[in-house]
Amino acid sequence: MATTNGSTFKIILGSSSIARRQILAEMGYEFTVMIADIDEKEIRREKPEDLVMALAEAKADAILSRLQHTSQFEEDAHATLLITADTVVVYEGIVREKPSSKEEAREFIKGYSGGQAAVVGSVLVTNLKTGKRRGGWERAEVYFYNIPDDIIDILIEEAVTLNSAGGLMLEHPLTSPFVEAVVGTTDTVMGLPKALTEKVIMEAL
């Protein structure tokens, strides 16, 4: 249970991302986790901002469908808020999602070396009691120092980059020393902008 401004509610985080779980816990919330089983490649939008919102909505719809077909969701006196999110990287105007292979991940990271990338992240909160849905997106720019090939090799071999949008995992101890600057918030890059999340939680209650 969580309480904000006198409202008591439950939270379901609709994400398998460890970083999102960490950020939501840092915000002081207790929550359960459900994972949306969707084919993200089937959802296409031209603008990255539209894409991350559409993906967050598709994740929410998939989880809602599962909840309605199982006994996991019971009528409760308190509201239950479902939080879904999505993140993409934009590099030289091209949207990058999770790399499909180690080769693609290597190509992505080599491109960032000595350069920059933008990260666009969405948050969507669905109130399961009222059906109210509120969301938004944020953008951050990340500037990199040159990343040595041996560091890239280790990152690729660990395969952690395959689970991150654009192969970009800022919080990884091998990556962080090569981040020159972040214009925007680090939690946006990690997948869950804190201030935006608080705002849409309040709006959805």
Nearest-0.5 Å distance, OG1 of residue Thr126 to CZ of residue Arg134: 10.5 Å
Exceeds 12 heavy-atom contacts within 6.0 angstrom, atom NZ of Lys199: no
At what distance, to the nearest 0.5 angstrom, does CG of Leu82 lie from CG of Leu124? 7.5 Å
Does one hydrophobic cluster hold both Ile201 and Met53, with members joined at side-chain heavy-atom distances below 4.5 Å? no
Apply side-chain contact (heavy atoms from CB on, under 4.5 Å) to residues Met27 and Leu24 and explain how you reach the verdict. CA-CA 5 Å; Met27 291 168 69; Leu24 197 57; 4.2 Å; yes
Any donor-acceptor N/O pair, Thr161 side chain to Gly167 backbone, under 3.5 Å: no
Spacing of CG belonging to Asp187 relative to CD belonging to Gln22, to within rounding of 0.5 Å: 12.5 Å
Correct closest heavy-atom pair for Phe108 and Glu97 would be CE2-O, 3.8 Å
Identify the two heavy atoms, one from Asn163 and one from Lys98, that lie closest to each other, and give their separation to 0.1 Å. O-CE, 3.5 Å
For residues Gly191 and Arg20, report the shortest heavy-atom separation together with the two atoms involved. O-NE, 2.7 Å
Which atom names give the shortest non-hydrogen contact between Ala85 and Lys59, and what distance separates them? O-NZ, 2.7 Å
Between the main-chain N or O of Gly14 and the side-chain N or O of Thr84, is there a donor-acceptor pair closer than 3.5 Å? no
Is the number of heavy atoms from other residues, nucleotides or ligands under 6.0 Å of Ile38 CD1 greater than 12? yes
So, for Thr186 and Val182, which heavy atoms are closest and what is the spacing to 0.1 Å? N-CG1, 4.4 Å
Would you give the length of the straight line joining atom CD of Glu57 to atom CG of Leu64, rounded to the nearest 0.5 angstrom? 11.5 Å
Sorted by chain and number, sequence neighbours left out, ring-ring contact (aromatic ring centres under 6.0 Å, His included) with Tyr145 holds for none
Evaluate the side-chain contact (heavy atoms from CB on, under 4.5 Å) criterion for residues Lys47 and Val95: first the C-alpha distance (whole Å), next the side-chain angles of each, then the deciding distance (0.1 Å), finally the verdict. CA-CA 8 Å; Lys47 292 181 179 177; Val95 170; over 6 Å; no
Rounded to the nearest 0.5 Å, how far does CZ of Arg133 lie from CD of Glu203? 14.5 Å
Check ion pair Lys102-Glu157 (N to O, under 4.0 angstrom): yes
N/O donor-acceptor pair under 3.5 Å between Asn127 side chain and Ala204 backbone: yes
At their closest point, which heavy atom of Ala19 faces which heavy atom of Met190, and how far apart are they? CB-O, 3.5 Å
Might you confirm whether atom CG of Asp37 has over 12 heavy atoms from other residues, nucleotides or ligands at distances under 6.0 Å? no
Could you tell me whether a side-chain N or O of Thr188 sits under 3.5 Å from a main-chain N or O of Pro193, the two making a donor and an acceptor? no
Separation between CD1 of Ile109 and CZ of Phe144, rounded to the nearest 0.5 Å: 9.0 Å
Aromatic ring proximity Tyr112/Tyr91, centre distance under 6.0 Å: yes
